[in-house]
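Since we're looking at a predicted model, the values are computed, not measured.
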Amino acid sequence: MPTYALAKASAYLRVNHRTRHAEVVHGAQANYVLTEVYQDQQVKQQRGGGFVVTADDWTVIQYTPLALAQDLRRLADSYKHWTAPGNGQKFHEQPPMEGKALQVLLRRQPGTFYVTKFGEIAHLYGGRIRNQYKPLTAADMATAA
């Protein structure tokens with residue numbers, strides 16, 4: 001009997017951090033995978049209802065709850081921006097981006113955008129995450145000043 005918490009969100013963004021492959025999975029599918037495929041010690045619950053799985057080959061897979069309402073017109077004032085190099089290597093941090101500029105980008109850029117419950121935005125294209133945007137907080141702004 002599994003002892004770790006079950007997935008409770010209706011949908012999750014599942015990311016393989018080795019390949020940067022990403023997909024959206026339903027909560028029921030995430031529950032099945034977490035309880036039937038992995039052992040308890042392989043699954044760690046994150047704050048906010050997410051999960052991190054360390055597979056047998058040390059591949060890290062992250063499940064991040066998606067927001068129920070994805071109104072991309074209501075964004076934070078500014079975001080931290082990371083872009084993928086395209087070869088599965090580490091993300092590169094870009095200069096902060098204003099929320100209005102991000103709204104324009106979302107309308108013009110190909111691919112799909114998903115918003116997490118924390119207001120982070122993931123840009124998926126070709127089954128991989130190409131860009132990530134995290135809202136800048138007041139603490140982030142104070143640190144940068």
Gap between atom CD of Gln41 and atom OG1 of Thr54 - 0.5 Å precision
10.5 Å

Could you check if a side-chain atom of Gln109 sits within less than 4.5 angstrom of a side-chain atom of Leu106, using non-hydrogen atoms only?
no

Measuring from Glu93:CD to Gln132:CD, what's the distance to the nearest 0.5 Å?
11.0 Å

Do we see a donor-acceptor contact under 3.5 Å between the side chains of Gln42 and Asp56?
yes

Does the pair Asp57/Arg18 count as a salt bridge with the N-to-O cut at 4.0 Å?
yes

Nearest 0.5 Å please: distance from the CG atom of Asn16 over to the CD atom of Glu23.
9.5 Å

For Val60 and Val52, run side chain to side chain contact (heavy atoms under 4.5 Å, CB included): C-alpha distance rounded to whole Å, both residues' side-chain angles, the deciding distance at 0.1 Å, then the answer.
CA-CA 7 Å; Val60 176; Val52 173; 3.7 Å; yes

Roughly how far, to the nearest 0.5 Å, is the OH atom of Tyr32 from the CG atom of Leu6?
14.0 Å

Ala9 to Pro65 - nearest heavy-atom pair and separation:
CB-CB, 3.8 Å

Distance, nearest 0.5 Å, that separates CD1 of Ile121 from CG of Leu13
12.5 Å

Reported CD1-to-OG1 distance for the pair Ile129 and Thr83, which is rounded to 0.5 angstrom:
11.5 Å

Compare all side-chain heavy atoms of Leu75 with those of Gln103 and state whether any distance is below 4.5 angstrom.
yes

So Lys44 and Gln46, side chain to side chain contact (heavy atoms under 4.5 Å, CB included) or not? Walk me through it.
CA-CA 6 Å; Lys44 303 290 184 214; Gln46 291 182 304; over 6 Å; no

Which atom names give the shortest non-hydrogen contact between Phe51 and Ala7, and what distance separates them?
CE1-CA, 3.6 Å

Angle between ring planes, Tyr12 versus Tyr63, binned at 30° and 60°: parallel, tilted or perpendicular?
perpendicular

Which heavy atom of Met97 sits nearest to which heavy atom of Tyr133, and what is that distance?
SD-CE2, 4.0 Å

Side chain to side chain contact (heavy atoms under 4.5 Å, CB included) between Thr59 and Thr19, worked out:
CA-CA 9 Å; Thr59 299; Thr19 64; over 6 Å; no

Search all heavy atoms of Pro110 against all heavy atoms of His123 and return the closest pair with its distance.
O-NE2, 2.8 Å

Just by distance, do the side chain of Tyr79 and the backbone of Ala76 share a donor-acceptor pair under 3.5 Å?
yes

For a quick test of reading the model, state the closest non-hydrogen atom pair linking Ala11 to Val24 and the distance between them.
CB-CG1, 4.4 Å

Counting only heavy atoms not in Glu98, do more than 12 sit closer than 6.0 Å to its CD atom?
no

Can you find a heavy atom in the side chain of Pro95 that is under 4.5 Å from one in the side chain of His81?
no

Audit row: Thr112, Tyr125, side chain to side chain contact (heavy atoms under 4.5 Å, CB included) steps and yes/no
CA-CA 6 Å; Thr112 308; Tyr125 186 73; over 6 Å; no

So which heavy atom on Leu66 is nearest to which on Tyr114, and how close?
CD2-CB, 3.8 Å

Return yes if a side-chain donor-acceptor contact under 3.5 Å exists between His17 and Gln62, otherwise no.
yes

CZ (Phe113) with more than 12 external heavy atoms under 6.0 Å:
yes

